[in-house]
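Working notes, beginning with the structure itself.
Values below: all heavy atoms of this structure, side chains included; hydrogens, waters and symmetry mates excluded.
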Amino acid sequence: MDKKIYLNNLYDYYGSLFTDKQQRYFEDYYFADLSLSEIAENNQVSRNAVHGQIKIVEEKLLFYEEKLKLYEKSLKIKELIQGLDQETRKKIEEWI
């Protein structure tokens, strides 16, 4: 899986664990596809500051998934429910 897609998926699970600033930088970089320079200019900080915060978020996302495995478990659950009847599958998908 592409690293960018993987990090975006992990962010869906763990994004709320980060500060507002870290969330803003990560979302600007990965979702809005802004460059480090653009993010730095928009937030009146250095490019290095932005880069450092994005790296921290990336490392923590990987750490959280390594320990908690929420994304991995979600994929396994989705795989398991494919064999269930439509009504049961729909009920389970509402929970996850």
Side-chain angles (χ1 to χ4, degrees):
M1 177 182 297
D2 181 16
K3 179 184 175 186
K4 182 176 181 177
I5 294 170
Y6 184 63
L7 289 172
N8 284 336
N9 288 333
L10 294 183
Y11 187 79
D12 288 342
Y13 286 90
Y14 307 113
S16 62
L17 299 174
F18 299 102
T19 67
D20 290 340
K21 177 174 62 173
Q22 288 171 326
Q23 290 178 23
R24 187 171 54 250
Y25 293 173
F26 185 89
E27 290 171 10
D28 283 350
Y29 187 72
Y30 280 100
F31 299 158
D33 203 28
L34 297 179
S35 70
L36 296 175
S37 298
E38 290 171 319
I39 299 167
E41 185 178 320
N42 292 344
N43 292 279
Q44 299 175 339
V45 297
S46 71
R47 184 184 173 285
N48 276 349
V50 173
H51 180 262
Q53 289 299 309
I54 290 172
K55 285 298 169 196
I56 288 170
V57 173
E58 290 173 351
E59 290 169 4
K60 284 185 177 181
L61 286 172
L62 297 172
F63 174 78
Y64 294 150
E65 180 60 15
E66 179 185 328
K67 299 300 180 196
L68 301 172
K69 301 193 182 307
L70 296 179
Y71 177 63
E72 180 182 323
K73 289 174 185 176
S74 172
L75 292 177
K76 287 180 181 179
I77 290 169
K78 287 177 183 178
E79 185 179 311
L80 288 171
I81 65 173
Q82 290 304 314
L84 301 175
D85 63 87
Q86 181 102 1
E87 185 178 329
T88 305
R89 185 176 0 163
K90 196 174 219 175
K91 287 178 184 178
I92 293 173
E93 287 174 343
E94 289 173 3
W95 296 342
I96 56 173

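Looking at residues two or more places apart in sequence or on another chain, you find no side chain to side chain donor-acceptor pair (under 3.5 Å) involving Y29. N42 is linked by a side-chain contact (heavy atoms from CB on, under 4.5 Å) to L34, counting only residues two or more places apart in sequence or in another chain. The ring-ring contact (aromatic ring centres under 6.0 Å, His included) check on Y30 picks up F26, with sequence neighbours excluded. Residues meeting the salt bridge (charged side-chain N to carboxylate O under 4.0 Å, His left out) test with E72, sequence neighbours left out: K76. Remark: D85 engages no residue in a salt bridge (charged side-chain N to carboxylate O under 4.0 Å, His left out) (not counting sequence neighbours). Residues forming a salt bridge (charged side-chain N to carboxylate O under 4.0 Å, His left out) with E79 (at least two apart in sequence, or on another chain): none.
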query = Should Y11 and F31 be marked as a ring-ring contact (aromatic ring centres under 6.0 Å, His included) after you check the CA-CA gap, both sets of side-chain angles, and the distance that decides it?
reply = CA-CA 11 Å; Y11 187 79; F31 299 158; 5.6 Å; yes
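Across F18 and Q23, no two heavy atoms sit closer than the pair O-NE2, 2.8 Å.
In this structure, CG on D12 lies 10.0 Å from CG on L61, to the nearest 0.5 angstrom.
Residue pairs that meet the salt bridge (Lys or Arg N to Asp or Glu O under 4.0 Å) test with at least one member in residues 14-31, sequence neighbours left out, do not exist here.
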Pair up each side-chain donor or acceptor in residues 46-56 with any protein partner under 3.5 Å, not counting sequence neighbours, and list the distances.
{"unit_1": "S46", "atom_1": "OG", "unit_2": "A49", "atom_2": "N", "d": "3.0"}
{"unit_1": "Q53", "atom_1": "OE1", "unit_2": "Q22", "atom_2": "NE2", "d": "3.1"}
{"unit_1": "K55", "atom_1": "NZ", "unit_2": "E58", "atom_2": "OE1", "d": "2.9"}

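Between E94 and K90 there is no salt bridge, since none of the side-chain N atoms of the basic residue sits less than 4.0 Å from a carboxylate O of the acidic one.
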